[in-house]
Amino acid sequence: MAGALRPEDHERAQDVIDGWPVCITSYTIGTRHLCKIDNVDPGALIARGEGPTREAAEAEARARAREKLAATQRMKDSLRELHETVAQLDDRLRASKRNPGTSG
Amino acid sequence: MASYAHSEVLVDTAWVDERRGDPGVRIAEVDVDAGAYDEGHVPGAVGWNWSTQLCDTHLRDILPRARLEQLMSDSGIERGTTVVLYGDNNNWFAAWAFWQLKIYGHADVRLMNGGRKKWVAEGRELGLEVPRPQPTVYRAEAADPSFRALLAEVQEAVQRGGVSLIDVRSPAEFTGEILAPPGLPETCQRGGHLPGAKNVPWGRVCAEDGTFKPFDELSRLYGDLGVVPTKPAIAYCRIGERSSHTWFVLKYLLGFPDVKNYDGSWTEWGNLVRAPIET
């Protein structure tokens with residue numbers, strides 16, 4: 001069939017990028033070196049890269065993945081801070097109910 | 001070992017390879033990564049984009065009947081065509097397409113077991129040519145509501161009980177530690193899960209090669225949590241696609257008679273005012 005190719009040098013490995021487990025898939029189609037980085041759960045694509053070599057494709061994908069994972073880390077940190085703040089406010093509310101004369 | 005309840009809905013890569021020129025079979029690729037199809041696909045397969053061709057982005061709804069008919073027509077599919085769906089990431093979005101085709105009553109829809117991952121790993125041929133099928137006149141059936149749970153039904157299930165609520169997201173999403181899978185955009189206000197829901201991440205149903213685990217393993221996975229065929233079940237995730245995969249497993253591989261996909265999922269429930277949640 002016209003335009004048909006077979007993927008070659010297919011490799012798939014797990015790694016960790018900035019604390020996040022990821023799956024890195026590399027292969028070549030014709031002369032194109034391709035790399036994709038997925039999160040491990042659920043396995044959604046985070047970033048892809050393409051380059052003249054396998055290493056270049058992976059470096060591009062890693063750089064893009066880092067940017068996106070940094071946003072998730074910021075949200076996770078914000079959520080944790082929010083929960084800690086709410087917990088502190090709950091503690092103060094309970095304390096003020098036990099000791100109505102105190103302010104805070 | 002017991003066999004799947006409806007094993008006819010699964011085909012393997014070799015089966016597809018042998019029939020990819022068969023005029024009675026239409027193969028469609030549906031990926032998470034919308035760029036994957038253009039890198040190479042099963043020769044002869046059409047590509048469907050889940051985010052534009054398999055949903056109504058304006059209403060936030062499934063594909064309207066008329067657009068489904070158009071998609072099937074443009075893809076050269078007739079009512080009697082065998083439609084084989086496959087995609088990346090263990091057929092994640094292929095299952096989303098499968099769910100919608102069943103909602104609109106297409107009789108013969110199948111998933112290629114293992115999906116794109118297995119096809120590529122086996123070194124099978126990939127084509128770059130985008131097929132231009134002869135359009136058909138396709139008439140879908142009215143949407144079957146028995147495959148889909150809308151908000152009111154889920155609210156009732158949470159209040160009254162008696163329904164297995166299955167959250168198929170990752171444990172970190174289930175507990176509210178994160179609001180969306182790592183690297184994906186946040187789309188809800190609160191983290192957590194539906195009260196009473198059981199957490200069975202969708203990917204646990206697949207083996208390393210992307211194929212579905214055997215019946216007995218799947219049955220045990222859910223049964224150990226009390227998710228059994230004698231009880232109605234509703235699966236949900238973040239936007240309803242991961243849960244369409246679990247819906248497929250419960251309905252077709254395990255034979256649950258009453259299972260629905262709640263496609264509003266956490267992006268609906270997690271944003272609702274006064275909706276109870278657990279973390």
Side-chain angles (χ1 to χ4, degrees), chain A residues 1-12 14 16-23 25-30 32-50 57 61-62 64-80 82-83 86-87, chain B residues 20-21 31-36 38-44 88-90 92-93 116-117 119-131 168-173 175-186 190-192 201-204 206 208-210 237-238 241-242 245 279:
Chain A
M1 180 175 290
L5 297 165
R6 288 178 194 277
E8 294 173 349
D9 305 323
H10 185 270
E11 282 188 24
R12 190 168 166 86
Q14 291 211 1
V16 175
I17 296 180
D18 298 338
W20 298 97
V22 295
C23 202
T25 306
S26 300
Y27 57 99
T28 58
I29 296 181
R32 303 165 68 198
H33 293 265
L34 302 160
C35 179
K36 297 179 184 185
I37 298 182
D38 305 329
N39 48 39
V40 169
D41 190 352
L45 177 78
I46 301 175
R48 53 167 51 235
E50 184 173 346
R62 279 179 178 273
R64 290 180 175 167
R66 279 210 163 85
E67 289 175 17
K68 293 188 176 180
L69 290 168
T72 300
Q73 187 62 49
R74 284 194 295 276
M75 176 55 74
K76 185 180 177 185
D77 293 344
S78 298
L79 277 173
R80 193 181 59 240
L82 179 67
H83 290 151
V86 169
Chain B
R20 55 189 165 88
D31 298 308
V32 185
D33 169 13
D38 293 332
E39 283 180 1
H41 44 264
V42 173
D88 60 358
N89 200 23
N90 305 344
W92 180 358
F93 276 91
R116 181 183 172 91
K117 175 181 179 178
W119 185 276
V120 170
E122 290 172 347
R124 295 184 187 274
E125 196 170 278
L126 292 176
L128 297 173
E129 195 175 313
V130 177
V168 311
R169 297 173 300 159
S170 64
E173 292 172 275
T175 59
E177 185 184 349
I178 55 176
L179 299 180
L184 300 192
E186 315 297 342
R190 301 181 296 170
W202 76 288
R204 290 193 189 163
C206 290
E208 183 55 33
D209 67 354
C237 56
R238 186 176 69 118
E241 18 59 19
R242 275 177 277 180
H245 191 273
T279 55

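Note on naming: letters A, B, ... go to the chains in the order of the sequence lines (proteins, then strands), and numbering restarts at 1 for each one. Just so you know, these numbers use all the heavy atoms, side chains as well, and skip hydrogens, waters and symmetry mates.
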Pick from A:Lys76, A:Met75, A:Arg48 with the largest number of heavy-atom pairs that fall under 4.5 Å of chain B: A:Arg48
Salt-bridge criterion met for A:Asp77 and A:Arg74 (N-O under 4.0 Å): no
Of the listed B:Ile178, B:Asp31, B:Asp33, the one with the largest count of heavy-atom pairs under 4.5 Å with chain A is B:Asp33
Output, in order, the C-alpha distance, side-chain angles, deciding distance and verdict of side-chain contact (heavy atoms from CB on, under 4.5 Å) for B:Phe93 and B:Asp88. CA-CA 8 Å; B:Phe93 276 91; B:Asp88 60 358; 5.6 Å; no
Measuring heavy-atom distances to chain A, does B:Ala172 have an atom under 4.5 Å in its side chain, in its backbone, in both, or in neither? neither
Cut-off 4.5 Å, heavy atoms of chain B, and the answer for A:Leu82 is neither
Using a cut-off of under 4.5 Å on heavy-atom pairs, state which of A:Ala71, A:Ala44, A:Ala70 scores highest against chain B. A:Ala44
Is there a donor-acceptor pair under 3.5 Å between the side chain of A:Thr72 and the backbone N or O of B:Gly183? yes
Quick one: what part of B:Pro182 sits under 4.5 Å from any heavy atom of chain A, side chain, backbone, both or neither? both
Structural part of B:Val32 lying under 4.5 Å from a heavy atom of chain A: side chain
May I ask you to decide if the ring planes of B:Trp202 and B:Trp92 are parallel, tilted or perpendicular, using 30° and 60° as cut-offs? tilted
Given heavy-atom pairs under 4.5 angstrom as the criterion, report whether the side chain, backbone, both or neither of A:Ile46 touches chain B. side chain
Using a 3.5 Å distance criterion without hydrogens, assess whether the side chain of B:Arg116 forms a donor-acceptor pair with backbone atoms of B:Ala36. yes
For the backbone of A:Glu50 and the side chain of A:His33, can you confirm whether one donor and one acceptor N or O come within less than 3.5 Å of each other? no
With chain A, the option among B:Lys117, B:Arg169, B:Glu173 that has the most non-hydrogen atom pairs under 4.5 Å is B:Lys117
Check each of A:Lys36, A:Glu11, A:Arg12, A:His10 against A:Thr25 using the side chain to side chain donor-acceptor pair (under 3.5 Å) test, and report the only one that passes. A:Arg12
